[in-house]
Amino acid sequence: MEEHLSLKEKEQAEEAMIQQAFQELLTDYLATKHRKRVEIITKAFNFANQAHRGIKRRSGEPYIMHPIAVAKIVCNEIGLGSTSICAALLHDVVEDTDYTVEDIENIFGHKIAQIVDGLTKISGGIFGDRASAQAENFKKLLLTMSDDIRVILIKIADRLHNMRTLGSMLPNKQYKIAGETLYIYAPLAHRLGLNRIKTELENLSFKYEHPEEYAEIEKKLAATAAERDKVFQEFTAPIRAQLDKMGLQYHILARVKSIYSIWNKMQTKHVPFEEIYDILAVRIVFKPRNMEEELNDCFDIYVAISKIYKPHPDRLRDWVSHPKSNGYQALHVTLMANNGQWIEVQIRSERMDDVAEQGFAAHWKYKEGGGGEDEGELERWLHTIKEILDDPQPDAIDFLDTIKLNLFASEIFVFTPKGDLKTMPQDSTALDFAFSLHTDIGTHCIGAKVNHKLVPLSHRLNSGDQVEILTSKAQRIQPEWVGFVTTARAKAKITEILRKEEKINQQKGEALLNEFLQKEGVPVDASSVDRLTNLHNFHTPDELMAAIGSGKLVLGDADRNLFKEKQGKNWKKLLSFSFVKDNKEGKDTKEEPKQEGKPEKIDTKKILKLTEEAISKDYIMAECCHPIPGDDVLGYIDEHNRVIIHKRQCPVAVKLKSSYGNRIIATEWDTHKDLSFLVTIYVRGIDGVGVLNEVTQVISRQLNVNIRKLVIDAIDGIFEGKIQLYVHDVDDVRTICNNLKQVQNVKEVARVED
């Protein structure tokens, strides 16, 4: 009886917690400017609460707490209204319970049911053990975008809450989900203009994959906070005085670079934390005198603050006159502070700030019932994706890479010869521009004139360029064009046309090859084709036929001689060949079970210890990133059942986490400085007599490390080079880098990949 009571009390306490969480959601919703539709939200909550009753999350809390948390994010952080809040509350009902989309439609109407259906389609059991090829899910995700963009906004909110509660998951699941978040969801949030959410997703992913480095940067940020605050106060004091004099209503914020961005910059620029100078930025958010004056006010503020501090001539970014395709508007200017430091200032109106933080959702803010209003640029982006989706590309990873080209792109603005403005992704080439105008123009493009000067197809365009495309009917797509383009649309079109041409060439080649074999009296079979394929060093018969069909290969005497062997000799050769093959296959079948048995020993839920013996015998160190003891690493079971060890942030590993998350294993080093690993150290500095001698002395004498290769170049008084050497672990690398930094005139030292 007592036990029953305690269980009942527990249920009552849980119900009270659930009701309190829901009340918080309602309070938040009532504080927004949306139409107040409390009844339907309450109805959705009661329905979801009943449907999920008794189900727990991995953390032990009632499952309904997750949909409530997602609804709070949708309401507070993305700024959507009742339709989205209801859909967020109901988003797991169809997948996890016996209710159907029809049930939702009957109770809550078509719009909410449509969004819930979209969310159900793209949920791939991310936290379950079901094989979830996330790249395929991403395809589905994009397909649903066109129905209602709110599907994707709620999905991002769902992922954000999952990331906030990732601590209760197993380590291998944490890497999979964190990797997937960086690869798919953060770029998507960025593309939709959800700046704050993008930053948090990146930071949380980084925190779970590199906990030590995250903690170290966090500690350094805290240690330098007082100094940054002092700089901020001194820098903004004269700006405040000037804006007050202008009679503007405004507030000024200090924006600190995110931990993930700082780490990223440290990696790409090979600099320590202390040498990152743009950690602090300043944001001015003002209330326009009236909406017509909004743009003028931006520029007035810019002029006023430029009189106080000197602006950087190349760093004015005008997103006010030309908003980014995700709706972002602001004026960015970089000013020289009195302490000799460049500080970026972002000038935004309150409306621009809303759009910057909440992205496309800000456009819905006051028109929740209206559905998809005008999204111009987004529609064009979706159209590009639709075209790529319609192209039956077998490999989802290729698809993801193609999409990522567009997801991360910043925009440039180029003009047509008639002066029309076109928005293109950054790093677009003349050929990209040709394909953006029309596939036919791209296909027949022979060159371009940029600002009236002739340039090649691969020429990179810059903002403000005027571009004229030159075409010729005789021009055809060349295979090397794939390397000339960076946009998804152009890449997809070129590969599609090349594939079609290849098929035609293969058919032509097959006919010519059959004709040749018949003429020579050779049997037209796979064996004859294979012999010719090997003779000409092709990988597959298809490649051979395409080469014959395109005229790159003409069959002649060498091919005739191959078949001019006596029949007996030929038989003998064929017989001996087949025996060898049988023998080989026999060997394979003996070995196969041994290979297949290997992953059964590996429990993907446990952390795999990387010992000296295992590294030497069982595991493969990835060639792409050369991990060494002390690096943050993970394991991947490949299709041949081998365990390959990658650094967690290696680009290849990032792809694997997103697409083969169930094959990822959490790993940790258990080595004792017995094995040696090859690493490459990059050094750069001021050239002078004896510098090289000093560098090698530090490595070989002081640290007793074996140098394998040393390449140094000196140009115009600056030397730079790469040193390959053998080390035991990351500590050795750290010691070497620190000691080399002590050498006078050495200015930069970093471990690099090759």
Side-chain angles (χ1 to χ4, degrees), residues 28 32 34 69-81 83-85 87-88 91 115 118-119 122 138 141-142 144-146 148-164 166 177-178 180-206 253 255-261 264 281 283 285 319 323-330 332 346 348 350-368 372-373 375-379 381-382 385 403-404 406-411:
D28 292 346
T32 67
H34 288 288
V70 174
K72 277 186 184 169
I73 294 169
V74 162
C75 175
N76 298 333
E77 297 177 54
I78 305 182
L80 296 172
T83 307
S84 305
I85 292 169
H91 80 271
I115 296 173
L119 287 159
I122 55 176
F138 189 49
L141 182 76
L142 291 160
T144 57
M145 268 176 103
S146 54
D148 195 319
I149 198 177
R150 285 175 285 195
V151 170
I152 235 162
L153 294 166
I154 297 166
K155 187 67 195 168
I156 288 171
D158 179 42
R159 173 49 62 115
L160 179 58
H161 184 245
N162 285 336
M163 285 303 295
R164 285 173 178 173
L166 198 55
I177 293 158
E180 208 173 76
T181 300
L182 265 187
Y183 196 57
I184 294 172
Y185 290 91
L188 202 50
H190 170 67
R191 186 66 194 184
L192 293 167
L194 301 166
N195 199 34
R196 201 183 298 149
I197 289 178
K198 177 207 90 155
T199 304
E200 190 178 345
L201 287 173
E202 286 175 344
N203 273 347
L204 287 168
S205 299
F206 177 52
L253 311 162
R255 191 193 62 83
V256 176
K257 207 175 186 67
S258 77
I259 292 179
Y260 174 74
S261 300
N264 228 349
R283 183 175 300 155
V285 181
W319 304 115
K324 286 190 183 186
S325 64
N326 60 18
Y328 180 83
Q329 273 186 293
H332 290 196
Q346 301 166 352
R348 300 175 181 173
E350 286 174 351
R351 180 192 63 81
M352 292 173 190
D353 196 51
D354 255 355
V355 172
E357 296 307 318
Q358 297 180 330
F360 277 111
H363 301 305
W364 264 282
K365 238 177 159 183
Y366 315 109
K367 36 196 172 185
E368 170 70 14
E373 264 83 26
E375 294 114 46
E377 285 279 6
L378 181 77
E379 281 303 321
W381 182 62
L382 281 174
I385 286 162
I403 288 295
K404 272 196 69 177
N406 274 9
L407 283 176
F408 274 129
S410 304
E411 284 79 21

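In this chain, numbering begins with 1 at the start of the sequence shown. Only heavy atoms go into these numbers, but all of them, side chains included; no hydrogens, no water, no symmetry mates.
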Flag side-chain contact, heavy atom, 4.5 Å: Leu182 against Tyr260:
yes
Does this structure show an ion pair linking Glu180 with Arg159, if we count only N-O contacts that are shorter than 4.0 Å?
yes
With rounding to the nearest 0.5 Å, note down the distance linking CG in Leu201 to CZ in Phe206.
15.0 Å
Under 4.5 Å between any side-chain heavy atoms of Ser84 and Ile154, yes or no?
yes
Show the nearest heavy-atom pair for residues Ala178 and Ser205, with the distance to one decimal.
O-OG, 3.3 Å
Give, for atom CE of Met163 and atom CD1 of Ile156, the distance between the pair rounded to the nearest 0.5 Å.
13.5 Å
With heavy-atom distances below 4.5 Å as the criterion, would you say the side chains of Ile152 and Leu188 are in contact?
yes
Rounded to the nearest 0.5 Å, what's the gap from CD1 on Ile259 to CG on Asn264? Could you check?
13.0 Å
Let me confirm one number: the CG-NZ distance from Asn203 to Lys198, rounded to the nearest 0.5 Å.
10.0 Å
Does Ile177 offer a backbone N or O that forms a donor-acceptor pair with the side chain of Thr181 under 3.5 Å?
yes
Got a sec, which residues hit side chain to side chain contact (heavy atoms under 4.5 Å, CB included) with Ala157, two or more places apart in sequence or on another chain?
Val70, Ile73, Val74, Ile78
Going by an N to O cut-off under 4.0 Å, is there a salt bridge joining Arg283 and Glu357?
yes
If I take atom CE from residue Met352 and atom CH2 from residue Trp319, how far apart are they, to the nearest 0.5 angstrom?
13.5 Å
Any salt bridge linking Asp158 with Lys155? Criterion: basic side-chain nitrogen under 4.0 Å from a carboxylate oxygen.
yes
Note, Glu200 side chain near Arg164 side chain (heavy atom, < 4.5 Å):
yes
Hey, which of Arg196, Arg255, Arg348 is the one that makes salt bridge (Lys or Arg N to Asp or Glu O under 4.0 Å) with Asp353?
Arg348
Can you name the nearest heavy-atom pair linking Ala71 to Ala88, along with the distance?
CA-CB, 3.7 Å
Flag the pair Ile85 / Leu80 as yes when at least one side-chain heavy-atom distance between them is below 4.5 Å, and no otherwise.
no
Close side-chain approach of Leu166 and Leu204, heavy atoms under 4.5 Å
no
Evaluate the criterion side-chain contact (heavy atoms from CB on, under 4.5 Å) for residue pair Leu194 and Leu153; output intermediate values, then yes/no.
CA-CA 9 Å; Leu194 301 166; Leu153 294 166; 3.7 Å; yes
